Undergrad: 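Structure in structure tokens, see below.
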Amino acid sequence: MQAALPHYLIVSALLFCLGLLGVVVRRSLLVMYMSLELMLNAANLALVAFSHFNQNLNGQVMVFFIITVAAAEVAVGLALIVALFRKRQTSHVEDLTSLKL
Amino acid sequence: MLENIFSDPTFQFVLFSAAKIAVVFGVVMTFVAYAVLVERKVSAAIQDRVGPNRTAPPLALKIPVLGRLLQRWGMFQPMADGLKFILKEDFTPAYVRTVYFWLAPAIAVIPAFLTLAVIPFGSTLGSQKMVIADLNVGILYTFGIVSLGVYGIVLAGWSSNSKYPFLGGIRSSAQMISYEIAMGMSVVSLFLIVGDLNLMNLIQWQADHGWLVLYQPVAFVIFLVSAFAETNRLPFDMPESESELIGGYHTEYSSMKFALFFLGEYANMIASSAMMVTLFFGGWSLPWLGKPAETLLGGLVHIGIFIAKMIVLMLVFIWVRWMLPRFRYDQLMDLGWRRFIPAALANIVATALGVALLNR
Amino acid sequence: MPQLTDLLFYAFAGMTLLFGFLCVANPLSRNPVTSAMFLVLTIISMAGLFVLLHAFFLAAVQILVYAGAVMVLFLFVIMLLDLKEEERRKLNKVAVGLGSLAVLGLAGVLVRVLAGATPLIAAGSKPVEGSTRELGRILFQSYLLPFEILSILLLVAMVGAILLSKKELK
């Protein structure tokens, strides 16, 4: 069967669901964070697929922006996790239940 | 029937690509073996020693004159070294994280070879372009693959599960990320001038207009020094510095697994030399030999020129290793972040202004 | 006879999903490093899908930024923190079950809806090439303002990360 738009979109949707699964099931902050990256990547795949099959490069520019934002987000997020770890010696979400440090 | 298959373009493409890959792989492996020998000989010369001059297989000395000469030059040494690596006991400590411990050496070697895929090592040979993959994002591909090189070392350091390798792994990940930025930025100015990311076209531009090292000396210096940092060679071999970290990330490795790291380091050295030849020294071209070859002989000459330039740069790598002492780690970071990145940025701005003014 | 590109699509898509699954829900190991390594593999196989969609520049950037920089940062932090905590903990079975059920439901809905998707324009004409030149042209003509704002975002992130990782503020 020829790979057309729905195929790519379904792969993207399944990948997104895998990311969601990671966020829901795993309890380590870092792994949850990686799952978020997976979800962002799924969105990227959908955008690139739209861009290709609609013959319009705007989608790819959007992916370029998403990748940049994700890089910035990871830098800040990891800095937050490290700061949190320093205060609490844990990165397990169930240990991080109080609002005040 | 058979003729049909041979005239099929897809089949031809696969066949020629496979042939190119096999040849490049073979040549690089030979180069690695003899680079080690050259390194030992050059270091011996620098330190006023003789270097390896004893090894010889049983019957080789029977050859008149030549046998003795080859022995004196140490030409048989690489074979003995390789044999020794294979025969040594392959020891896996009990406390390591086994899967990653076994994977790490392989991961360390692969990127070095993958980088070579986009490097044009000649113009044309017959109807074939002398490059394995002629990508229009060539240089981006290279940087992508080079950035994967850090995994082997980091995983080795982490999976060894002991102090010194771990420190080596942490050091190398920070070092390689830092210098990648400077390296990437130094190259941007080249592409501002040339206006193409394809390495074949880059070389053709240099053949027509002169080598880029003349236009971009600052970029070249930054790239060269960053290449030393990326290949973990002295004066930037902090990840493995034997006097403070025993052996850094490969402390716990022995036999072939250690040999793979060794291979990776030299293959990286070859890849970055080839990269520099392509980017700054006009690849296969010489100032008066700028056209893609039309005859078979011309193609071979171009490949020869490329390899000769590459060897010169590899000698620079080896020479620097034995002339300079190791940097301190904070000095290394300082050099990368506070000197090279601003310098590379300034270089980009200056080049962009120059290009804009000249093209007006 | 199926075309080579279609076979490649199925290969890369299968790899992407398999590695993605092993990243988030590896039955054998709950080690964060394993997750990170499988995420790297997912990203690399996704770059393969990008190439099939003629997005060459993005494929290279995907490997360069995600696999080369972001994931190395992750690995760096995992090693710095030396997390063994999660492996020892028991999973809450009810939470895992309900969570998986919800995700499965969402997956079902999404696949149902997306299976009927069609492009706005008919296929057949020449596909666009996501080459560096074309992408650059659009980026610096139509998207110049977002691009500049993005650079400010990066600056903010940089300052923020440095500030957060300082031990104490003077």
Side-chain angles (χ1 to χ4, degrees), chain A residues 1-11 13-22 24-28 30-31 34-35 37-38 41 44-45 48-49 51-58 60-61 63-65 67-76 78-83 85 90-92, chain C residues 6 9 13 16-17 20-21 23-25 32 35-36 39 42-43 46 49-50 53-55 58 61-62 65 69-70 73-74 77-78 80-81 83 85-86 96 99-100 103 106-107 110-111 114-115 117-121 125 127-128 130 134-135 138-139 143 146 150 153-154 157 160-161 164-165:
Chain A
M1 202 160 48
Q2 209 180 2
L5 182 61
H7 296 76
Y8 283 96
L9 289 184
I10 287 172
V11 172
L14 290 178
L15 205 60
F16 184 87
C17 290
L18 281 175
L20 189 64
L21 184 73
V24 173
V25 170
R26 302 296 288 265
R27 294 261 83 54
S28 155
L30 273 161
V31 179
M34 283 183 228
S35 309
E37 292 304 314
L38 205 58
N41 267 304
N44 283 352
L45 182 58
V48 175
S51 150
H52 177 73
F53 288 103
N54 286 327
Q55 297 171 19
N56 184 336
L57 273 181
N58 288 340
Q60 296 196 14
V61 175
V63 174
F64 180 77
F65 286 150
I67 291 179
T68 321
V69 171
E73 174 221 329
V74 165
V76 177
L78 286 179
L80 273 173
I81 291 178
V82 171
F85 190 85
T90 178
S91 74
H92 202 270
Chain C
D6 294 327
F9 165 76
T16 307
L17 291 176
F21 179 76
C23 165
V24 297
S35 288
L39 188 51
T42 316
I43 285 161
M46 269 186 70
L49 286 178
F50 283 9
L53 290 168
H54 297 262
L58 284 180
V61 166
Q62 171 96 352
V65 175
V70 168
L73 261 187
F74 263 106
V77 169
I78 294 171
L80 267 186
L81 304 186
L83 307 163
E85 195 63 17
E86 202 204 356
V96 171
S100 316
V103 170
L106 179 68
L110 281 177
V111 169
L114 292 176
T118 46
L120 287 171
I121 54 171
S125 47
V128 286
E134 291 309 312
L135 218 55
I138 292 192
L139 191 62
Y143 289 90
L150 207 61
L153 176 78
L154 281 177
L164 280 170
S165 36

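Just so we're on the same page: letters track the sequence lines, and every chain starts at 1. All figures in this text were calculated on a predicted structure; none of them were measured in a lab.
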Undergrad: Taking all non-hydrogen atoms of both residues into account, name the closest pair between Ala157(C) and Ala72(A) and its distance.
TA: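 Looks like CB-CB, 3.6 Å.
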Undergrad: Go through the atoms of Leu114(C) and report whether side chain, backbone, both or neither lie under 4.5 Å from a heavy atom of chain A.
TA: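 Backbone plus side chain of Leu114(C), per the 4.5 Å heavy-atom cut-off to chain A.
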Undergrad: Search all heavy atoms of Pro6(A) against all heavy atoms of Ala115(C) and return the closest pair with its distance.
TA: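 In terms of heavy atoms, the two residues are closest at CB-O, 3.6 Å.
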Undergrad: State, to 0.1 Å, how close Glu134(C) and Leu57(A) come at their nearest heavy-atom pair, and which atoms those are.
TA: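 The answer is CB-CD1, 3.5 Å.
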Undergrad: Based on non-hydrogen pairs under 4.5 Å, which of Ser35(C), Gly99(C), Gly20(C), Cys23(C) is most in contact with chain A?
TA: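 Going by pairs under 4.5 Å, I would pick Ser35(C).
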Undergrad: Heavy-atom pairs under 4.5 Å with chain C: which of Val69(A), Asn41(A), Thr68(A) has the most?
TA: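 Winner by heavy-atom pair count: Asn41(A).
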Undergrad: If you look at every heavy atom in Cys17(A) and Val103(C), which pair is closest and at what distance?
TA: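 Nearest pair, atom of Cys17(A) first, then Val103(C): O-CG1, 3.3 Å.
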Undergrad: Select one option (side chain, backbone, both, neither) describing which atoms of Leu73(C) are under 4.5 Å from chain A's heavy atoms.
TA: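 Answer is both: backbone and side chain atoms of Leu73(C) are under 4.5 Å from chain A.
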Undergrad: Where does Val76(A) contact chain C at under 4.5 Å (heavy atoms): side chain, backbone, both or neither?
TA: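 Both backbone and side chain of Val76(A) come within 4.5 Å of chain C.
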Undergrad: Parallel, tilted or perpendicular: which fits the ring planes of His52(A) and His54(C), with parallel below 30° and perpendicular above 60°?
TA: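 Correct class here is parallel.
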Undergrad: Using non-hydrogen atoms and a 4.5 Å limit, figure out which bit of Leu80(A) sits close to chain C: side chain, backbone, both or neither.
TA: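 Contact with chain C: backbone and side chain both.
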Undergrad: Distance check, rounded to the nearest 0.5 Å: Ile81(A) atom CD1 versus Leu80(C) atom CG?
TA: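 One finds 12.5 Å between CD1 of Ile81(A) and CG of Leu80(C).
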Undergrad: Would you compute the distance between atom CG of Leu78(A) and atom CG of Leu164(C) and round it to the nearest 0.5 angstrom?
TA: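 Answer rounded to 0.5 Å: 11.0 Å.
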Undergrad: Measuring from Leu153(C):CG to Glu73(A):CD, what's the distance to the nearest 0.5 Å?
TA: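 One gets 10.0 Å once the value is rounded to the nearest 0.5 Å.
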Undergrad: For residues Val24(C) and Val25(A), determine if any side-chain heavy atom of one lies less than 4.5 Å from a side-chain heavy atom of the other.
TA: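 Sidechains of Val25(A) and Val24(C): no contact.
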Undergrad: Step by step, would you call Ile78(C) with Met34(A) a side chain to side chain contact (heavy atoms under 4.5 Å, CB included)?
TA: CA-CA 12 Å; Ile78(C) 294 171; Met34(A) 283 183 228; 3.7 Å; yes
Undergrad: Picking from Ala69(C), Gly160(C), Ala36(C), which has the most non-hydrogen pairs under 4.5 angstrom with chain A?
TA: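 Ranked by contacts with chain A, first place is Ala36(C).
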Undergrad: Indicate the atoms forming the closest heavy-atom contact of Val70(C) with Ala71(A), along with that distance.
TA: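 Taking every non-hydrogen atom into account, CG2-CA, 4.2 Å.
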Undergrad: Given side chains that start at C-beta, do those of Val61(A) and Leu135(C) come closer than 4.5 Å, heavy atoms only?
TA: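 Of all side-chain heavy-atom pairs linking Leu135(C) with Val61(A), at least one is under 4.5 Å.
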Undergrad: Is any side-chain heavy atom of Val48(A) closer than 4.5 Å to one of Gln62(C)?
TA: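 No; the side chains remain at least 4.5 Å from each other.
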Undergrad: Could you state the interatomic distance from CG (Leu110(C)) to CZ (Phe16(A)), rounded to the nearest 0.5 Å?
TA: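 So the gap between those two atoms works out to 7.5 Å.
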Undergrad: Just how far is it from atom CD1 of Ile10(A) to atom CG of Leu17(C), taken to the nearest 0.5 Å?
TA: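 Those atoms lie 10.5 Å apart.
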Undergrad: Flag the one option from Asn56(A), Val82(A), Leu38(A) with the top tally of heavy-atom pairs under 4.5 Å to chain C.
TA: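 Of Asn56(A), Val82(A), Leu38(A), Leu38(A) has the most heavy-atom pairs under 4.5 Å with chain C.
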Undergrad: Ignoring hydrogens, what is the shortest heavy-atom contact between Ala161(C) and Ala75(A)? Give both atom names and the distance.
TA: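 Reported closest heavy-atom pair: CB-O, 4.0 Å.
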Undergrad: For Asn58(A), is it the side chain, the backbone, both or neither that has a heavy atom under 4.5 Å from a heavy atom of chain C?
TA: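 Contact with chain C: backbone and side chain both.
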Undergrad: How far does CD1 of Ile138(C) sit from CZ of Phe64(A), to the nearest 0.5 angstrom?
TA: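 Between Ile138(C) CD1 and Phe64(A) CZ, I get 12.5 Å after rounding to 0.5 Å.
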Undergrad: Of Leu45(A), Leu18(A), Leu15(A), Leu14(A), which meets side chain to side chain contact (heavy atoms under 4.5 Å, CB included) against Thr16(C)?
TA: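 Exactly one pass, corresponding to Leu15(A).
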